[in-house]
A.B. asks: 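The structure is given below, and queries will be raised subsequently.
Numbers here simply count residues along the sequence, with the first being 1.
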Amino acid sequence: MAGISLRHIYKTYPGNPPVTAVHDFNLEIEDKEFIILVGPSGCGKSTTLRMIAGLEEITQGELYIGDRLVNDVAPKDRDIAMVFQNYALYPHMSVYKNMAFGLQLRKTPKDVIDKKVREAAKILDIEHLLDRKPRALSGGQRQRVALGRAMVRDPAAFLLDEPLSNLDAKLRASMRAEISKLHKRLGTTFVYVTHDQTEAMTMGDRIVVMKDGFIQQVDTPQNLYDSPCNVFVAGFIGTPQMNFLTATVQKKENGQFVAVFGNSQFPILPDRAHPKAIAPYEGKEVLVGVRPEALREEPVFMDQPTTGVIEAEVELAELMGAETYLYLVCNGQNIIARVPARSTAKSGDSIKMAVDCTKIHFFDKETEKVIKD
């Protein structure tokens with residue numbers, strides 16, 4: 001078992017001009033950790049994973065697996081196993097032979113191969129599929145075979161490149177749970193790439209949020225949700241996406257800072273943005289980040305000292321079963337609120353919403369960085 005260390009990693013593709021896909025990537029992945037690289041398409045997450053695997057050359061920087069520098073080590077000698085998005089199974093081979101193939105190349109004894117394949121098949125509940133060809137399997141079954149083929153090699157680390165993106169929503173949810181259980185059972189380092197923030201939030205010990213080849217923030221799922229470092233992370237993590245309102249900072253006679261949005265005021269609480277941090281923004285515009293669940297329509301929330309009240313028009317009420325999404329327009333800006341299913345708001349209504357100011361975030365409008373301490 002081993003940790004993985006990426007130190008000042010760059011990946012530049014030649015061209016005129018050259019294109020740098022990954023910039024100064026620094027990350028220490030602990031032994032047995034489940035780490036997730038997440039971000040939109042083209043952010044460099046798969047390129048980073050392929051550099052760890054040895055499928056892409058590192059332009060600059062050092063990559064260690066355990067204590068060994070592996071920049072120039074061939075993929076087959078890195079003691080890692082990769083699970084691809086398209087499964088990459090051999091169509092002419094049975095499930096058994098697909099899983100055994102890597103061990104056969106290593107000239108592993110037949111009885112050891114048989115034991116490892118059958119043990120992995122039992123864990124993944126595919127024992128009854130060992131004689132089938134990949135074309136006779138469902139997407140979820142193929143994914144299990146791809147995982148099994150990686151497992152039998154007993155690698156120091158698993159690398160998974162968007163392994164669930166080809167599955168339907170229901171199967172994705174069940175396979176998320178299966179992979180999480182597999183990680184706990186194997187006690188091995190997992191590096192997992194996805195563009196789906198729900199996968200990232202539910203599976204990872206830590207999440208690396210990437211954009212345009214740069215790391216934006218590395219933290220636990222809860223900390224990313226509660227304390228995003230910039231507008232991009234705040235908007236990327238959470239469903240539905242965080243609302244961003246343009247407001248002006250003002251200071252009241254009692255010294256309290258408030259964010260003025262149209263005819264509404266939000267108290268700026270010290271634990272959300274310290275007075276010393278917000279003071280330079282007096283008279284200036286900032287971005288106020290409000291998660292949909294921080295908007296409440298119940299009357300009991302309207303006159304609390306830690307809330308601000310806005311008036312909005314309902315464009316659409318979308319019943320999701322256990323809750324309702326309200327698509328609102330307030331002061332010319334679009335807002336989404338996540339409210340209980342019992343809400344009676346409907347399209348065309350004018351309603352009041354309380355903003356829970358203990359859960360809002362303030363961002364510099366120019367740098368898009370959080371205003372906090």
A.B. asks: Please list, chain by chain and in numerical order, all residues satisfying side-chain contact (heavy atoms from CB on, under 4.5 Å) with Lys365, sequence neighbours excluded.
C.D. replies: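 If we apply the side-chain contact (heavy atoms from CB on, under 4.5 Å) test to Lys365, skipping adjacent residues, the hits are Thr246, Glu285, Leu287.
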A.B. asks: Please report the interatomic distance CG(Leu63) to CE(Met51), rounded to the nearest 0.5 Å.
C.D. replies: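 Rounded to the nearest 0.5 Å, the CG-CE separation comes to 8.5 Å.
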A.B. asks: Thr194 and Asp196: side-chain donor and acceptor closer than 3.5 Å?
C.D. replies: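 Thr194 vs Asp196: no donor-acceptor pair found between side chains.
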A.B. asks: Which pairs with one or both residues in residues 201-216 pass side-chain hydrogen bond (donor to acceptor under 3.5 Å, both in side chains), sequence neighbours excluded?
C.D. replies: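 Checked against side-chain hydrogen bond (donor to acceptor under 3.5 Å, both in side chains) - neighbours excluded - the pairs reaching residues 201-216 are Glu33-Arg206, Arg176-Thr202, Gln216-Asn230.
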A.B. asks: Apart from Val309 itself, what residues make up its hydrophobic cluster, given side-chain heavy atom links below 4.5 Å?
C.D. replies: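 Hydrophobic cluster check, Val309: joined to Met302.
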A.B. asks: Under the salt bridge (charged side-chain N to carboxylate O under 4.0 Å, His left out) rule, what pairs show up with a residue in residues 213-235, not counting sequence neighbours?
C.D. replies: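 Applying salt bridge (charged side-chain N to carboxylate O under 4.0 Å, His left out) to every pair that reaches into residues 213-235, excluding sequence neighbours, yields nothing.
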A.B. asks: Return yes if a side-chain donor-acceptor contact under 3.5 Å exists between Asp161 and Ser46, otherwise no.
C.D. replies: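 A donor-acceptor contact under 3.5 Å links the two side chains.
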A.B. asks: Is there any side-chain hydrogen bond (donor to acceptor under 3.5 Å, both in side chains) pair reaching into residues 326-344, and which pairs are they, with sequence neighbours excluded?
C.D. replies: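 Applying side-chain hydrogen bond (donor to acceptor under 3.5 Å, both in side chains) to every pair that reaches into residues 326-344, excluding sequence neighbours, yields Glu297-Ser343, Glu318-Tyr327, Glu323-Arg338.
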A.B. asks: Return the set of residues passing side chain to side chain donor-acceptor pair (under 3.5 Å) with Glu28 (not counting sequence neighbours), or none when no residue passes.
C.D. replies: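 Here the qualifying residues are Ser5.
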A.B. asks: Quiz question: by atom type and distance under 3.5 Å, do the side chains of Tyr96 and Asp114 form a donor-acceptor pair?
C.D. replies: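 The answer is yes; a qualifying pair exists.
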A.B. asks: Apart from Phe214 itself, what residues make up its hydrophobic cluster when side-chain heavy atoms of I, L, V, M, F, W and Y under 4.5 Å apart count as a link, directly or indirectly?
C.D. replies: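 In the cluster with Phe214 there is nothing else; it is isolated.
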A.B. asks: List for me each residue that meets side-chain contact (heavy atoms from CB on, under 4.5 Å) alongside Ala341, sequence neighbours excluded, and say none if there are none.
C.D. replies: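 If we apply the side-chain contact (heavy atoms from CB on, under 4.5 Å) test to Ala341, skipping adjacent residues, the hits are Leu319, Thr324.
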A.B. asks: Would you say the side-chain atoms of Arg78 pair up with the backbone N or O of Ile52, donor to acceptor, closer than 3.5 Å?
C.D. replies: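 The answer is yes, because a donor-acceptor pair under 3.5 Å joins these two groups.
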A.B. asks: Under a 4.0 Å threshold between the charged nitrogen and the carboxylate oxygen, would Glu178 count as salt-bridged to Lys181?
C.D. replies: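 Result for this pair is yes, salt bridge flagged.
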A.B. asks: When you check the side-chain N and O atoms of His195 and Glu162, is any donor under 3.5 Å from an acceptor?
C.D. replies: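 The criterion, which ignores hydrogens and geometry beyond distance, is satisfied for Glu162 and His195.
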A.B. asks: Would you say the side-chain atoms of Glu56 and Thr47 include a donor-acceptor pair closer than 3.5 Å?
C.D. replies: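 No.
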A.B. asks: Are Phe25 and Tyr10 near enough that their ring centres are under 6.0 Å apart?
C.D. replies: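 Ring centres of Tyr10 and Phe25 not closer than 6.0 Å.
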A.B. asks: Starting at CD of Glu199, measure out to CG of Leu160 and round the result to the nearest 0.5 Å.
C.D. replies: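 Separation between the atoms: 10.5 Å.
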A.B. asks: Could you state the interatomic distance from CG (Leu164) to CG (Leu167), rounded to the nearest 0.5 Å?
C.D. replies: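 These two atoms lie 5.5 Å from each other.
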A.B. asks: Checking one residue: Leu69. Which other hydrophobic residues are in its cluster under the side-chain 4.5 Å linking rule?
C.D. replies: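 Noted: Leu69 shares its cluster with Tyr64.
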A.B. asks: When Ile, Leu, Val, Met, Phe, Trp and Tyr are grouped by side-chain heavy atoms lying under 4.5 Å apart, directly or through other members, which residues fall in the same group as Val329?
C.D. replies: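 Val329 shares its hydrophobic cluster with no other residue.
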A.B. asks: Regarding Glu311 and Ser350, is there a side-chain donor-to-acceptor distance under 3.5 Å anywhere?
C.D. replies: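 There is no such pair between these side chains.
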A.B. asks: Got a sec, which pairs hit side-chain hydrogen bond (donor to acceptor under 3.5 Å, both in side chains) with one end in residues 261-277, sequence neighbours left out?
C.D. replies: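 Qualifying pairs, neighbours excluded: Arg272-His361.
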A.B. asks: Holding to side-chain contact (heavy atoms from CB on, under 4.5 Å), I want the full list of residues that pass it with Ser174, two or more places apart in sequence or in another chain.
C.D. replies: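 Partners of Ser174 under the side-chain contact (heavy atoms from CB on, under 4.5 Å) test: Leu171.
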A.B. asks: Could you tell me whether the side chain of His8 and the main chain of Gln60 form a donor-acceptor pair under 3.5 Å?
C.D. replies: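 The answer is no, because no donor-acceptor pair under 3.5 Å joins these two groups.
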A.B. asks: Counting N and O atoms only, with roles assigned by atom type, does the side chain of Thr20 sit under 3.5 Å from a partner on the main chain of Val22, one being a donor and the other an acceptor?
C.D. replies: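 Pair absent, no side-chain N/O of Thr20 close to backbone of Val22.
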